[in-house]
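Ligands are counted one by one from 1 in listed order, and the atoms in each one are counted from 1 as well.
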Amino acid sequence: MHASSQQSPVNALFDRKLIEAPLDALRRIWGYPDFRGKQADVIRHILAGNDALVLFPTGKGKSLCFQLPGMCLPGVTVVVSPLVALMRDQVEELKALGVEAECLWSQQSEEESRAVRSKLRAGKLKLIYVTPERVVLPGFADLFGNVPISLIAIDECHCVSSWGHNFRKDYLGLGKLKELYPGVPRIALTATADPHTRADIIRQLQLDDAAVFIDSFDRPNITYRIAERDNARSQLLRFLQGHHGSSGIVYCLSRRKVEETAEWLSKQGIKARAYHAGMDPGVKADNQDAFRMEEDLCLVATVAFGMGINKPNVRYVAHLDLPSSLEGYYQETGRAGRDGLPSEAFMVYGMQDIVQRQRMIDEGDATDEIKRIERAKLSALLGVCETAGCRRKAILAHFGETAPTRCGNCDTCNNPVETWDGSDASIKALAAVYRTSERFGAAHVIDVLLGKVTERTQKFGHDELAVFGVGKELTVHAWQSVFRQLLALGFIRVAHDEYGALKLEPSAHGVFKKEVSVVLRRDTIDAVRKRERGKPVASAARTRMSIEDEKLFQALRAERLAISKEMGVAPYVVFPDTTLIAFATIRPRTEKEMLAISGVGATKYARYGEKFTDIIAAA
Ligand code: ADP
Ligand code: ZN
């Protein structure tokens with residue numbers, strides 16, 4: 001079934017046929033008409049026996065870069081993966097394609113593990129998924145008998161870096177792979193674009209000779225929307241109304257908030273479940289499984305839920321709290337829309353989040369150098385939150401890419417933000433910070449600007465300052481927006497060792513002296529509401545379908561669910577939504593027409609293709 005079933009010697013890696021075989025394998029096994037982006041380059045490079053480091057954003061199709069060579073190469077490909085759930089998910093998908101793949105993990109039954117090992121030794125497997133600790137154990141190579149290891153893939157390779165998120169100590173051992181398996185090509189893959197992490201990966205994994213493949217980090221099918229928080233729950237509810245009947249993730253910072261939000265959503269009639277690291281393991285596994293199997297579940301989670309979500313039809317990712325960095329935000333939102341269909345990223349945030357995040361950085365036990373970089377990362381994120389321009393452009397600029405001025409698919413492009421000359425307002429704001437001795441948070445400074453007589457303004461004599469009441473022309477809401485933007489622009493900072501007091505930065509002098517003019521975005525409640533609403537995208541992917549096509553789509557979906565239950569796999573493993581949409585609109589009836597649809601490979605067609613053509617014929 002695979003491209004090379006003959007027992008070829010290892011030097012056959014350089015056989016021309018093997019280099020031409022990938023496209024054929026892609027079409028026959030996966031049923032995809034063509035490679036995407038730089039997949040073909042990576043695969044050719046690997047098949048020629050070289051090492052590679054692959055940096056593609058989520059959803060660009062990294063897995064194929066090692067799975068397909070695994071099918072073409074003579075021996076077996078070892079895939080190192082950080083999570084059992086991730087390994088099992090990929091193995092399940094490969095098996096559905098008719099690929100001989102298995103995984104080895106510590107909690108497998110002895111019987112199961114023995115069966116896998118005997119298949120391995122008999123040369124019956126093309127891919128074997130293992131955990132990082134196992135691959136470097138003495139005696140690991142003995143498991144393979146005479147079967148050559150032709151490729152080692154290190155998935156989620158950013159786990160080797162203590163610098164980025166998701167550091168895994170066991171990944172550090174993978175540096176030894178080069179010596180343990182000399183001459184075996186290695187491919188490391190991640191969706192983390194941060195240059196610091198990248199350098200760390202190369203060093204730790206000894207990939208100095210590897211070619212680096214970077215694809216554009218743009219995810220054009222994701223709509224970005226960031227709103228200031230006023231009532232997070234009702235904002236979330238309004239957002240979710242646009243996603244009725246589809247699956248998504250809602251991220252919260254704390255475990256408690258995860259549980260409370262999930263419970264509250266359930267009470268509002270939304271099918272929701274919780275996920276965080278502190279849960280009962282049984283319930284946690286149950287909820288994760290429900291997310292894979294069900295097509296209309298809202299999973300409320302901490303960032304503990306992330307890696308290893310292969311579900312391609314996650315239609316939205318919402319953040320109720322500010323993520324730790326732009327890298328984190330991009331990776332989390334990137335979990336939406338792997339299938340390429342329209343999806344949405346939504347976030348609410350406010351001043352409090354900034355204070356909280358800065359406190360987390362300051363109170364953490366990282367070195368000063370790391371803290372400094374974390375602050376820089378946070379401010380890059382704030383820059384995107386507070387931009388009056390295109391969000392996508394701002395995000396991509398952070399990853400070193402230039403994008404058109406307007407993407408047409410973010411809140412600020414769809415409802416352009418008005419800007420205003422905030423120079424005078426900024427001087428007042430900065431003066432109020434200065435006159436109150438840089439010892440207070442935004443709430444109190446705003447009280448002073450508005451001339452509000454409170455216990456604190458009186459106690460500190462701030463009601464007698466010249467700045468008291470000089471800002472009555474703006475509302476509390478408008479001042480909050482000014483302060484957030486001054487923070488994002490770097491004119492002030494928050495000092496957490498002093499309970500979130502605002503401090504002036506040296507650059508503030510330029511504002512005082514009127515050397516720099518400050519252009520601010522106008523955040524009226526009305527404008528925020530308008531940006532927040534946008535167009536619902538949940539059904540946008542299917543709006544091109546006629547009523548009849550939609551009816552057929554639903555019938556095909558029901559069949560997919562029945563097959564998925566029978567086989568005990570997730571519905572998307574049977575066929576992804578994109579394939580079902582193509583069935584409903586193109587209506588293939590013959591084997592040839594079916595195989596021409598993207599996502600229909602030989603095995604899937606043989607197993608259940610006719611069940612779908614029958615439904616199409618009857619429609
Ligand atoms: P990543 O690991 O980069 O996040 P995946 O490997 O999970 O991405 O791929 C995302 C989705 O795209 C999967 O459903 C995969 O089957 C699909 N895919 C990958 N390569 C292609 C291709 N060449 N054509 C069509 N779909 C593809
Ligand atoms: Zn845009």
Shortest heavy-atom approach to atom 14 (O) of ligand 1 - which of Tyr572, Tyr32, Phe35: Tyr32

Could you check atom 4 (O) of ligand 1 against the protein and tell me its nearest heavy-atom contact, residue, atom and distance included? Gly59 N, 2.6 Å

Would you say Asn310 and ligand 1 have an N/O pair spaced under 3.5 Å apart? no

What heavy-atom pair brings Cys298 and Val250 nearest, and what distance separates the two atoms? SG-CG2, 3.6 Å

Salt bridge Lys38-Asp41, side-chain N to carboxylate O under 4.0 Å: no

Yes or no: does Asp34 have any heavy atom under 4.0 Å from an atom of ligand 1? yes

Please lay out, stage by stage, how Glu386 and Arg484 fare under the test salt bridge (charged side-chain N to carboxylate O under 4.0 Å, His left out). CA-CA 8 Å; Glu386 291 298 336; Arg484 274 200 321 272; 2.7 Å; yes

Is Arg338 in polar range of ligand 1, meaning some N or O pair under 3.5 Å apart? yes

Parallel under 30°, tilted from 30 to 60°, perpendicular over 60°: which one fits the rings of Phe239 and His243? tilted

Identify which one of Leu580, Ile586, Ile581 satisfies the side-chain contact (heavy atoms from CB on, under 4.5 Å) criterion when paired with Ile597. Ile586

In the protein, what heavy atom is nearest to atom 6 (O) of ligand 1, and what distance, to one decimal place, separates them? Ser63 OG, 2.7 Å

Numbering as shown, the atoms of ligand 1 that approach Thr58 to under 4.0 Å (heavy-atom distance): 4 (O)

Counting no waters, what protein N/O/S atoms lie under 2.8 Å from the Zn ion (ligand 2)? Cys390 SG, Cys407 SG, Cys410 SG, Cys413 SG

To check your reading of the model: name the closest protein heavy atom to atom 20 (N) of ligand 1, its residue, and the distance in Å. Gln39 NE2, 2.9 Å

For atom 12 (O) of ligand 1, what is the nearest protein heavy atom, given as residue, atom name and distance? Arg36 NH1, 3.2 Å

Not counting sequence neighbours, which residues clear side chain to side chain contact (heavy atoms under 4.5 Å, CB included) with Ala397? List them please. none

Determine whether the side chains of Glu327 and Gln331 contain a donor N or O and an acceptor N or O closer than 3.5 Å. no

Heavy atom under 4.0 Å from ligand 1: found in Asp339's side chain, backbone, both, or neither? neither

Note: ligand 1 atoms sitting under 4.0 Å from heavy atoms of Lys62 are 1 (P), 2 (O), 3 (O), 4 (O), 6 (O), 8 (O)

Relative to Tyr316, does Arg225 satisfy both conditions: NZ or CZ under 6.0 angstrom from the six-membered ring centre, and within 45 degrees of the ring's axis? no

Determine the interplanar angle of the Tyr329 and His319 rings, folded into 0 to 90°, and report it as parallel if under 30°, tilted if 30 to 60°, perpendicular if over 60°. tilted

Charged tip of Lys311 within 45° of Phe291 ring normal and under 6.0 Å: yes

Assess the side chains of Glu102 and Tyr129: does a donor N or O sit below 3.5 Å from an acceptor N or O? no

Show your working on salt bridge (charged side-chain N to carboxylate O under 4.0 Å, His left out) between Arg315 and Asp296 and close with a plain yes or no. CA-CA 10 Å; Arg315 287 277 74 84; Asp296 55 354; over 6 Å; no

Atoms in ligand 1 with a heavy atom of Pro57 nearer than 4.0 Å: 3 (O)

Hey, is Pro576 touching ligand 1 through its side chain, its backbone, both or neither, going by heavy atoms under 4.0 Å? neither

for atom 9 (O) of ligand 1, nearest protein heavy atom and its distance come out as Gly61 CA, 3.4 Å

Using distance alone, with no hydrogens and no angle criterion, decide if Arg391 and Thr412 have a side-chain donor and acceptor under 3.5 Å apart. no

